[in-house]
Amino acid sequence: MVLMTMIARLSDGLPLAASVQEDEQSGQNILEYQNQAKMLFRKLNAQSPPFCSIETGPYMFHYFIKGDVCYLALCEKPFLKRLAFAYLEDLHNEFSSQYGNRVTTVSRPYSFIEFDTYIQKSKKFFMDFRSRRNLSALNIELQDVQRIMVKNIDDVLQRGSILSDLDTKSSNLAILSQKYKKDAHYLNLRSTYVKAATAAVIVFVMFIYFWLL
């Protein structure tokens, strides 16, 4: 079962569209997973794996990155991985067709919230038992789905924090390196001037000495 679907811009994690399964069992803690999804969007970047499954409690996050858009679904663990990624790819095909040229221009969260209508339609189709049995007839090419890496949400979020710290330290090192380079250039220039001045003084003294003789 697909409990939640979110679509976000990869470059800044801005949520573009979302759909949440409304029921008494999942409604109580779905907010926790929405917050996890938002944190995950902020950790992902262009170097992240394009396909990934992430364990979070009794559920699984499956995400699919295409261009500057990340498509994510929260599913129950027994839900077929291949079906989940087929669902996400179907969302990508329709979303890019409708809003592809507008993704980079919006600044308001959930600017394409009306896409929920298609999300509901697609989710119903992929959750239908007949669709599961006839998945091969959907003409969706997902290569090596079983080899898609599986991670844990805590590891992903913690790793993101560590990478963020390393990025900050790397930036600081780059700044210090530039400062060292400027200081070294200044010292070399100063040393050159001192040598030139010393040579000039020696030449001047020798000139005076021989002139007086």
Side-chain angles (χ1 to χ4, degrees), residues 1-21 30 33-100 103-104 112 115-116 118-128 131-164:
M1 182 178 184
V2 178
L3 301 172
M4 181 180 69
T5 305
M6 295 184 71
I7 301 173
R9 191 164 58 197
L10 185 65
S11 56
D12 57 4
L14 181 73
L16 302 173
S19 179
V20 178
Q21 179 72 28
I30 200 68
Y33 296 105
Q34 284 180 306
N35 291 333
Q36 285 186 0
K38 291 176 182 178
M39 288 190 290
L40 181 60
F41 285 139
R42 289 195 290 268
K43 302 297 183 184
L44 297 174
N45 54 51
Q47 284 70 49
S48 301
F51 293 90
C52 190
S53 297
I54 303 170
E55 294 180 320
T56 174
Y59 306 118
M60 294 285 292
F61 279 124
H62 301 287
Y63 77 73
F64 165 47
I65 296 174
K66 191 70 173 181
D68 194 30
V69 181
C70 180
Y71 305 84
L72 178 144
L74 177 70
C75 306
E76 294 175 326
K77 284 188 177 179
F79 193 75
L80 295 176
K81 183 188 293 186
R82 186 181 179 190
L83 200 64
F85 284 104
Y87 166 67
L88 294 176
E89 186 155 329
D90 179 67
L91 294 184
H92 155 67
N93 292 335
E94 184 65 23
F95 187 84
S96 61
S97 175
Q98 290 191 34
Y99 310 109
V103 168
T104 59
F112 310 122
F115 191 65
D116 175 56
Y118 185 83
I119 293 176
Q120 295 292 341
K121 178 182 176 182
S122 179
K123 181 165 60 176
K124 182 179 179 181
F125 175 79
F126 280 90
M127 289 175 62
D128 185 83
S131 297
R132 297 180 184 222
R133 294 187 60 185
N134 298 292
L135 186 61
S136 59
L138 296 177
N139 196 29
I140 297 175
E141 296 182 0
L142 291 173
Q143 298 179 353
D144 298 328
V145 168
Q146 297 303 321
R147 297 175 60 187
I148 292 174
M149 65 178 61
V150 178
K151 300 183 178 181
N152 181 274
I153 188 68
D154 293 330
D155 293 338
V156 173
L157 297 181
Q158 182 180 4
R159 183 173 180 271
S161 300
I162 294 173
L163 288 177
S164 178

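Computed from a predicted structure; not experimentally measured.
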Inset, instruction - To the nearest 0.5 Å, tell me how far L14 CG sits from K38 NZ. - result: 10.5 Å
Inset, instruction - Step through the shown structure and confirm whether more than 12 heavy atoms of other residues, nucleotides or ligands are within 6.0 Å of NZ on K121. - result: no
Inset, instruction - Check the pair F51, L88 against side-chain contact (heavy atoms from CB on, under 4.5 Å), reporting the backbone distance first and the verdict last. - result: CA-CA 10 Å; F51 293 90; L88 294 176; over 6 Å; no
Inset, instruction - Evaluate the side-chain proximity of Y59 to E76: yes if any heavy-atom separation is below 4.5 Å, no if none is. - result: yes
Inset, instruction - Could you grab the distance from atom CD of Q34 to atom CD of Q36, nearest 0.5 Å is fine? - result: 11.0 Å
Legend entry - Contact summary for M4 and I30, nearest pair of heavy atoms: CB-CD1, 4.3 Å
Inset, instruction - Output the distance between atom OH (Y118) and atom CG (N93), rounded to the nearest 0.5 Å. - result: 7.5 Å
Inset, instruction - Check side-chain hydrogen bond (donor to acceptor under 3.5 Å, both in side chains) between E94 and all other residues, then give those that pass, not counting sequence neighbours. - result: Q98
Inset, instruction - Please check if the side chain of K123 supplies one atom and the backbone of M1 the other of a donor-acceptor pair under 3.5 Å. - result: no
Inset, instruction - Using modelled atom types only, decide if a donor and an acceptor are shared between the side chain of R9 and the backbone of L16 within a distance under 3.5 Å. - result: no
Legend entry - Distance, nearest 0.5 Å, that separates OH of Y33 from CE of M6: 15.0 Å
Legend entry - Euclidean distance, I7 CD1 relative to F115 CZ, rounded to 0.5 Å: 5.0 Å
Side-chain donor-acceptor distances from residues 62-74 under 3.5 Å, at least two apart:
unit_1, atom_1, unit_2, atom_2, d
H62, ND1, S53, OG, 2.8
Y63, OH, P49, O, 3.0
D68, OD1, S11, N, 2.8
D68, OD2, S11, OG, 3.2
Y71, OH, H92, ND1, 3.3

Legend entry - Heavy-atom pair of closest approach, residues S122 and D90: OG-OD2, 2.7 Å
Inset, instruction - Working to the nearest 0.5 Å, report the span between CG of L80 and CZ of F126. - result: 12.0 Å
Legend entry - For the student: nearest non-hydrogen atoms of A8 and G13, plus distance: CB-O, 4.1 Å
Legend entry - For Y99, all residues meeting side-chain hydrogen bond (donor to acceptor under 3.5 Å, both in side chains), sequence neighbours excluded: E114
